[in-house]
Amino acid sequence: MNVRIVTILILLITVIVSALGVVYTRHDSRGVAIHLGELESDRDALIAEWSRLQLEQAWLADAGQVEAKARDELGMQDPQDTRILVIRP
């Protein structure tokens with residue numbers, strides 16, 4: 001009878017430890033899932049910002065924009081034909 005009680009106690013302790021392991025694993029899994037959701041949101045925001053920056057870069061690199069900025073802000077103008085020198089080898 002004594003061996004039977006010890007076996008039952010060992011099985012009971014094993015079941016309790018196993019249940020606590022399952023609870024801990026689920027809790028940890030939920031925490032990781034929440035963190036993953038936050039990282040995905042950050043990734044989506046960064047992708048959107050990258051797209052905006054690509055559009056801005058394309059707009060700034062447009063020759064018309066560069067020429068307009070050079071004329072308006074720097075006061076540049078086209079050279080006169082007499083000031084253009086072509087060197088041929």
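Considering NE2 of His27 and OG1 of Thr25, their distance stands at 11.0 Å, rounded to 0.5 Å. Separation of atoms CG (Asp44) and CG (Leu39) is listed at 11.0 Å; rounding is to 0.5 Å. Note that CG of Asp78 is 6.5 Å distant from CD of Glu67, once rounded to the nearest 0.5 Å. Annotation: the span from Ile16 atom CD1 to Leu12 atom CG amounts to 4.0 Å, rounded to 0.5 Å.
Note on Asp62 versus Lys69: no salt bridge recorded, every NZ/NE/NH1/NH2 to OD/OE distance being 4.0 Å or above.
Atom CZ of Arg26 has 12 or fewer neighbouring heavy atoms from other residues, nucleotides or ligands inside a 6.0 Å radius. No more than 12 heavy atoms of other residues, nucleotides or ligands lie within 6.0 Å of CD in Gln77, so this atom counts as exposed by the packing criterion. Counting heavy atoms of neighbouring residues, nucleotides and ligands inside a 6.0 Å radius, atom CD of Gln57 does not exceed 12 of them.
No donor-acceptor pair under 3.5 Å is formed between the side chain of Ser18 and the backbone N or O of Thr14. In this structure, the side chain of Ser41 engages the main chain of Gly37 through a donor-acceptor pair within 3.5 Å.
Heavy-atom minimum distance, Leu60 versus Val66: O-CG2, 3.4 Å. Residues Thr7 and Val3 come closest through the heavy atom pair OG1-O, 2.8 Å.
Screening Glu49, Gln54, Glu56 for a side-chain contact (heavy atoms from CB on, under 4.5 Å) involving Arg52 leaves a single residue, Glu49.
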